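This is a predicted model, so every value here is computed, not measured.
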There are 2 protein chains.
Amino acid sequence: MTTIKDVAERAGVSIKTVSRVLNEEPHVRAQVKERVLEAARELDYKPNRAASRLAGGRSFLIAHLYDNPNPSYISALHIGAARRCRELGYHLVVEPVNSQDKDLLGLVRRLFATIAPDGILLSPPLSENTEFVESVRQLGGRIALISATHGDEWTHISTDERGASKAIMAHLLGLGHRRIGFVRGHPQHFGATLRYDGYCQSLVEAGLALEPALVAQGYFDLQSGLEATRSLLALPQRPTAIFASNDEMAVGALMAAREFGLNVPEDLSIIGFDDTPMSRLISPALTTVRQPLEAMGAAGVETIVSPDKAPGDYLDFEIILRDSCAPPRG
Amino acid sequence: MTTIKDVAERAGVSIKTVSRVLNEEPHVRAQVKERVLEAARELDYKPNRAASRLAGGRSFLIAHLYDNPNPSYISALHIGAARRCRELGYHLVVEPVNSQDKDLLGLVRRLFATIAPDGILLSPPLSENTEFVESVRQLGGRIALISATHGDEWTHISTDERGASKAIMAHLLGLGHRRIGFVRGHPQHFGATLRYDGYCQSLVEAGLALEPALVAQGYFDLQSGLEATRSLLALPQRPTAIFASNDEMAVGALMAAREFGLNVPEDLSIIGFDDTPMSRLISPALTTVRQPLEAMGAAGVETIVSPDKAPGDYLDFEIILRDSCAPPRG
DNA sequence: TCTCCCTATGACAACGGTAACATAAAGAGC
DNA sequence: GCTCTTTATGTTACCGTTGTCATAGGGAGA
């Protein structure tokens with residue numbers, strides 16, 4: 001294995017100079033820098049990160065702590081994060097946990113003591129636990145929060161879920177829907193609240209009444225979506241469209257529609273959120289919202305590696321129009 | 001941060017002795033061992049893995065190289081692998097890659113040069129690429145292969161996919177089906193071949209003819225499952241059941257059935273494979289096969305950490321009976 | 001009883017980087 | 001031209017562990 005010493009020798013400089021060049025520290029002449037870089041290239045030198053870390057530098061590891069609500073969500077984050085990591089010479093360590101675990105903080109502490117990641121990526125629901133986030137912060141590590149907002153605004157990676165919700169509503173209203181049912185997401189999920197906000201704002205801005213009866217509570221799982229939609233469809237004056245706060249509940253909504261003998265989208269339009277793989281596979285395919293999850297994972301890594309870079313704006317969402325929406329009957 | 005030195009001091013021994021105890025090396029008196037362990041416990045000592053690695057020991061990192069065919073598959077592997085890693089003091093590094101990438105081996109080489117994982121977990125399709133697997137092996141790292149078989153049999157983690165296929169067939173045959181269509185999986189996927197093998201063997205053992213017309217090629221995606229099933233249902237004497245080599249194609253089969261005006265399961269039974277989350281959500285819910293993916297991930301880690309442990313037998317699959325199968329009409 | 005070997009333990013170097021400090025050379029200000 | 005900074009580079013200690021080798025003591029075999 002070639003080491004920094006070999007590179008130094010070949011370039012005719014000291015190892016410290018090589019270190020400087022490789023870490024982009026100042027005070028190296030352009031000419032020397034070039035010489036070092038070339039030597040490194042020729043020897044195919046790759047720094048030993050265990051040594052970097054031990055000497056007080058970075059570990060080039062980023063840990064993603066998550067409690068898995070949804071494989072495709074996590075998977076997409078991983079792909080985006082890992083790709084960016086690779087570009088930056090980092091590596092992504094995954095730590096699936098149980099968010100109910102009493103000793104979560106102990107796990108983080110152990111993480112720092114053993115592999116000392118340069119930062120920690122937190123996704124919902126972990127990123128929404130203010131107390132936990134603060135504790136982790138106090139342990140000294142850098143943090144990037146996916147889809148959550150509290151404390152330092154620099155560290156947040158999110159899409160404008162409220163805006164996405166409004167865009168979906170605009171679509172529905174544009175089709176002519178006036179009675180739109182809403183299935184709320186898990187009460188502790190921050191994004192769920194934003195999605196609901198968007199729903200409410202859209203109605204108000206359209207000059208429509210906000211009927212509490214048209215809003216039902218769900219918990220992001222199929223069953224709750226099914227039950228919530230049942231209650232909505234049982235209304236004397238039933239909605240012509242259902243906006244579910246995520247895809248899984250939208251599938252529940254679809255089942256409820258079937259129970260009521262309603263055709264989707266002719267008799268009932270249905271909207272999901274998240275664009276899980278399933279929303280494409282189900283019939284009719286769901287109109288839904290896609291968050292740029294890979295970009296969010298990448299942005300999280302970015303935030304950790306270069307915390308002083310410009311605070312990221314919202315990342316763009318995308319409305320995926322498929323077959324579950326149509327103008328209302330009559 | 002407390003180091004090995006602190007522990008040594010507290011226990012009244014040299015750091016080397018502490019190291020010996022912690023690494024379960026021989027030649028330490030039970031009494032001393034106990035003393036060291038207690039000191040470590042009291043100080044909440046956690047070894048610095050960068051230092052371990054640098055000194056020529058293990059890195060306590062295991063990398064999972066994968067090309068993501070299916071988020072829930074990968075996710076389950078990660079959960080199982082990461083859990084076992086945690087129990088063993090290891091950490092799981094994820095490396096999603098493009099299996100078509102020309103420089104895959106370069107990536108592995110870089111991996112070894114920078115973070116030097118103690119082993120590499122390979123899942124399909126990577127684990128099925130003999131040439132690649134051999135190259136990685138030559139780079140010196142330990143390997144665990146998920147669902148693939150070649151070379152050293154110690155390093156394989158798999159379920160008996162042929163057996164699972166036969167179990168599914170037994171179920172179908174038990175229901176009374178005699179004309180069973182089969183949608184093959186991707187030709188390069190080893191498991192797909194095993195599943196097909198199971199289908200063939202079952203027919204033969206049941207004394208039924210193996211009709212080539214009842215077998216259609218698919219590629220694991222929805223569209224190919226849809227098309228394959230269409231061709232099967234267009235047969236003059238159509239099958240009463242369709243066994244698709246994975247869930248996604250089974251969904252395609254479901255759609256094809258609908259196109260033909262067939263009710264599932266009354267007019268047509270459908271079987272999937274993999275038990276993806278979708279198979280539970282779709283209507284009718286799919287009867288399918290579940291592989292113990294978490295256990296497989298854990299076994300992979302185990303294989304890497306303790307390569308001389310007993311070669312794992314097949315891990316048990318499970319038949320998940322749901323609503324997509326019924327006795328044939330008439 | 002005397003080797004010889006094995007067990008239990010420690011001292012110390014080594015791993016491959018980075019940080020702190022030293023130093024030489026080059027500009028800046030007067 | 002002379003001091004005072006600043007820039008460019010090198011020297012060396014150090015990070016926290018494991019490997020190598022040395023050594024003392026105890027038991028087995030002759």
Using the side-chain heavy atoms of [X], tell me which of these nucleotides is nearest: [options].
X       : options                : answer
A/Thr17 : D/dG19, D/dG10, D/dT18 : D/dG10
A/Leu54 : D/dT17, D/dG16, C/dG17 : D/dG16
A/Val28 : C/dT18, D/dT18, D/dT9  : D/dT9
A/Arg20 : C/dA8, C/dT18, D/dG10  : D/dG10
A/Arg29 : D/dT18, D/dA8, C/dA19  : D/dA8

(message) Expressed as a whole number of angstroms, how long is the span from B/His27:NE2 to D/dC21:P?
(response) 15 Å

(request) Specify the separation, in whole Å, of atom CZ of A/Phe60 and atom C1' of C/dG17. (result) 11 Å

Think [X] has a side-chain N or O under 4.0 angstrom from the OP1 or OP2 of [N]?
X       : N      : answer
B/Ser14 : C/dA11 : no
A/Asn23 : C/dT18 : yes
B/Ser52 : D/dT17 : no

(message) Tell me whether the side-chain N or O atoms of A/Arg53 pair up with the base of C/dG16 as donor and acceptor below 3.5 Å, since no angle test is needed here.
(response) no

(message) Distance criterion of 3.5 Å, no angle test: do you see the side chain of B/Lys16 paired donor-to-acceptor with the base of D/dG19?
(response) yes

(message) Are the side chains of A/Leu37 and A/Leu22 in contact, using a 4.5 Å heavy-atom criterion?
(response) yes

(request) Answer whether the closest heavy-atom distance between the side chains of B/Ser59 and B/Ile115 falls below 4.5 Å. (result) no

(request) Please check if atom CD in B/Gln188 has more than 12 non-hydrogen atoms from other residues, nucleotides or ligands closer than 6.0 Å. (result) no

(message) Given B/His78, which partner from the list B/Arg83, B/His64, B/Glu294 fulfils the side chain to side chain donor-acceptor pair (under 3.5 Å) test?
(response) B/His64

(message) One thing to verify: whether A/Glu38 and A/Arg41 come together as a salt bridge, which I'm taking to mean a side-chain N less than 4.0 angstrom from a carboxylate O.
(response) no

(request) Would you mind classifying the nucleic acid contact of A/Pro26 as base, sugar-phosphate or nothing, using non-hydrogen atoms under 4.0 angstrom? (result) nothing

(request) Please tell me which of B/Val32 and A/Arg49 maps to the more 5' nucleotide of DNA chain C, matching each residue to the nucleotide holding its nearest heavy atom. (result) B/Val32

